[in-house]
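When a ligand or atom number is given, it counts from 1 through the structure's own listing order. Everything quoted here is computed from the prediction, not taken from an experiment.
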Amino acid sequence: MIPTLTDLRERARKRLDPRVYDFFEGGAGGETALHENEAAFRRLALLPRVLRGAATRDLSVTLCGDRLAMPVLVSPTAFHRLAHPEGEPATARATAAAGTVLVTGMAATVPVAEVTAAARAVQADAAVWFQLYLQPEPEVTLALVRRAERAGCTALVVTVDSPVFGRRERDARHGFDDLPAGLAAENMRGLPGATDDRPRDIAMSPGLSWDDLRRLRAQTRLPVLLKGILHPGDARIAVAEGVDGLLVSNHGGRQLDAAPASIEALPAVAEAVAGRIPVLLDGGVRRGSDAAVALALGASAVGVGRPVLWGLAADGEKGVRHVLELLRAEFDHVLALCGGGSPADLGPDLVVARGSVRGGEAR
Ligand SMILES: Cc1cc2nc3c(=O)[nH]c(=O)nc-3n(C[C@H](O)[C@H](O)[C@H](O)COP(=O)(O)O)c2cc1C
Ligand SMILES: CCCCCCCCCCC(=O)C(=O)O
């Protein structure tokens with residue numbers, strides 16, 4: 001039988017140390033935002049169109065100069081070697097084989113240059129983006145940016161939803177506050193605050209402002225996307241500042257537990273951006289139909305976090321390939337069922353609240 005994401009989640013749970021499984025799976029506080037990310041998709045339905053003559057389908061999208069074979073990319077998740085000994089290079093090979101973007105990041109357990117090399121061994125022009133938390137000392141951030149540029153990353157994703165680290169009750173219960181011996185955030189080596197034995201800790205910086213972002217953008221030619229935007233006011237400022245893209249995200253429910261589900265925040269952000277820059281979304285995407293709903297509501301693409309970790313833990317590179325292929329095939333199928341030939345054919349008129357369509361009242 002072909003394993004579904006639910007099967008892979010269960011396989012991952014059986015294979016992983018419960019402390020690691022909970023670190024991957026858990027959210028902040030009472031885990032309301034975590035739960036809502038998936039639940040909010042279940043409250044939405046697609047109202048398909050018919051007889052639109054879409055004989056062939058092309059799933060590809062272009063984002064910040066990179067062409068993706070499908071509108072699903074891999075969001076940054078920390079510490080892939082906790083899931084599988086091969087870690088981020090296995091994820092990179094699988095993502096390159098799927099023809100989409102891997103966002104690796106500061107909290108990778110393999111240096112960024114090895115991650116891009118693994119992706120490019122599979123596909124010469126594989127796109128890898130680098131996620132970073134701006135550090136309180138600009139020179140540390142700059143050193144990380146140069147590392148990502150040298151490694152051939154094609155965009156930077158600055159996570160802005162984490163002025164402080166989320167209160168993760170599962171981790172607190174387990175006392176899980178450090179990596180096992182032999183694993184580290186490898187991109188943090190050789191920076192101020194690092195020692196020969198131990199990389200510098202990743203700092204969260206509550207004092208950051210748009211000035212810090214302006215400084216970063218002046219220091220690099222790479223496109224800069226902001227990850228963790230939920231408020232349309234911030235989206236408007238980001239566009240005015242010249243940011244290259246936004247990722248609507250509540251960090252997989254791991255930061256502000258009182259935040260709305262990502263899919264609920266998307267329409268207002270998309271409206272504020274009005275097509276001027278790409279808007280992406282992550283959080284709770286578990287099916288091709290979730291991706292279709294997000295695209296219909298204004299996203300150019302979606303990211304997946306935990307599903308990739310489940311695939312990696314369950315079956316290494318093969319498991320991640322399987323996750324991405326499942327999502328591609330499901331998205332393609334849903335697009336066909338909605339009468340679409342490309343992601344651009346999905347618009348807001350196709351999305352309704354479940355239970356709201358009665359006898360022709362909908363449109
Ligand atoms: C175990 C784990 C680690 C994560 N690490 C990071 C990270 O280092 N940087 C970041 O910006 N987001 C991180 N995230 C958030 C993801 O990028 C993404 O926003 C979230 O996982 C999407 O939700 P999903 O898991 O429901 O797909 C992490 C998420 C998880 C589950
Ligand atoms: C196992 C020890 C935890 C140390 C935390 C380091 C910060 C990494 C940030 C990862 C992240 O964003 C997440 O959501 O988790």
*Asks:* May I ask you to identify the nearest protein heavy atom to atom 5 (C) of ligand 2, giving residue, atom name and distance to one decimal place in Å?
*Replies:* Phe165 CZ, 3.8 Å
*Asks:* What are the atoms of ligand 1, with element, lying closer than 4.0 Å to any heavy atom of Thr159?
*Replies:* 10 (C), 11 (O)
*Asks:* Examine ligand 1 and decide if any of its atoms is less than 4.0 Å from a heavy atom belonging to Gly283.
*Replies:* yes
*Asks:* At a 4.0 Å threshold, what atoms of ligand 1 neighbour a non-hydrogen atom of Leu309?
*Replies:* 1 (C)
*Asks:* Give a yes or no on whether a salt bridge exists between Asp201 and Arg198, defined as a side-chain N under 4.0 angstrom from a carboxylate O.
*Replies:* yes
*Asks:* Give the single entry among Phe23, Trp310, Tyr133 that approaches atom 9 (N) of ligand 1 most closely by any heavy atom.
*Replies:* Tyr133
*Asks:* At less than 4.0 angstrom from any non-hydrogen atom of Ser249, what atoms of ligand 1 do you find?
*Replies:* 19 (O)
*Asks:* Can a salt bridge be assigned to the pair Asp290 and Arg42 using a cut-off of 4.0 Å between side-chain N and carboxylate O?
*Replies:* yes
*Asks:* Under a 4.0 Å heavy-atom limit, does Asp177 contact ligand 2 with its side chain, its backbone, both, or neither?
*Replies:* backbone
*Asks:* Heavy-atom contacts under 4.0 Å between His251 and ligand 2: side chain, backbone, both, or neither?
*Replies:* side chain
*Asks:* If every non-hydrogen atom of Val243 is compared with every non-hydrogen atom of Ile277, which pair is closest and at what distance?
*Replies:* O-CG2, 3.4 Å
*Asks:* Describe, in one word, how the ring planes of Phe176 and Phe23 are oriented to each other, choosing from parallel (under 30°), tilted (30 to 60°) and perpendicular (over 60°).
*Replies:* tilted
*Asks:* Among all protein heavy atoms, pick the one closest to atom 11 (C) of ligand 2 and tell me residue, atom and distance.
*Replies:* Tyr133 OH, 3.5 Å
*Asks:* Can a donor-acceptor pair be found, under 3.5 Å and without considering hydrogens, that links the side chain of Asp17 to the backbone of Arg19?
*Replies:* yes
*Asks:* Does only the side chain of Asp201 get under 4.0 Å from ligand 2, or the backbone, or both, or neither? Count heavy atoms.
*Replies:* neither
*Asks:* Among Leu246, Leu63, Val61, whose side-chain contact (heavy atoms from CB on, under 4.5 Å) with Pro278 holds?
*Replies:* Leu63
*Asks:* Relative to the heavy atoms of Gly284, which atoms of ligand 1 are at a distance of less than 4.0 Å?
*Replies:* 24 (P), 26 (O)
*Asks:* Please write down residue, atom name and distance for the protein heavy atom closest to atom 6 (C) of ligand 2.
*Replies:* Phe79 CZ, 4.0 Å
*Asks:* Among side-chain atoms of Asn37 and Asn250, is any donor-acceptor pair under 3.5 angstrom?
*Replies:* yes
*Asks:* Hey, is Arg9 close enough to Glu25 for a salt bridge, meaning N to O under 4.0 Å?
*Replies:* yes
*Asks:* Could Arg217 and Glu241 be called an ion pair, given the rule that one side-chain N must be under 4.0 Å from one carboxylate O?
*Replies:* no
*Asks:* Looking only at protein heavy atoms, which one is nearest to atom 31 (C) of ligand 1, and what is the separation?
*Replies:* Phe24 O, 3.3 Å
*Asks:* Would you mind listing which atoms of ligand 1 come within a distance below 4.0 Å of any non-hydrogen atom of Lys227?
*Replies:* 10 (C), 11 (O), 12 (N), 15 (C), 16 (C), 17 (O), 18 (C), 19 (O)
*Asks:* Compare Met106, Glu38, Gln131, Arg286 and give the one whose heavy atom is closest to atom 26 (O) of ligand 1.
*Replies:* Arg286
*Asks:* Just to check, does Arg168 reach to within less than 4.0 Å of ligand 2 when the distance is taken from its heavy atoms?
*Replies:* yes
*Asks:* Relative to ligand 1, is Glu25 under 4.0 angstrom through side chain, backbone, both or neither, heavy atoms considered?
*Replies:* neither
*Asks:* Any heavy-atom pair between the side chains of Glu317 and His84 that's under 4.5 Å?
*Replies:* no
*Asks:* As a check for students: among Gly26, Gly305, Pro76, identify the option with a heavy atom nearest to atom 28 (C) of ligand 1.
*Replies:* Pro76
*Asks:* Of the listed options (Val304, Val103, Asp22, Asp282), which comes nearest to atom 18 (C) of ligand 1 when hydrogens are ignored and any heavy atom counts?
*Replies:* Asp282
*Asks:* Can you confirm, on distance only, whether ligand 1 has an N/O atom lying under 3.5 Å from any N/O atom belonging to Ala107?
*Replies:* no
*Asks:* Would you mind listing which atoms of ligand 1 come within a distance below 4.0 Å of any non-hydrogen atom of Arg306?
*Replies:* 23 (O), 24 (P), 25 (O), 26 (O), 27 (O), 31 (C)
*Asks:* Looking at CD of Glu186 and CZ of Phe79, how far apart are the two atoms once the value is rounded to the nearest 0.5 Å?
*Replies:* 11.0 Å
*Asks:* Taking atom types as modelled, is there a side-chain donor on Asp58 or Ser342 under 3.5 Å from an acceptor on the other?
*Replies:* no
*Asks:* May I ask you to identify the nearest protein heavy atom to atom 3 (C) of ligand 1, giving residue, atom name and distance to one decimal place in Å?
*Replies:* Ala78 N, 3.3 Å
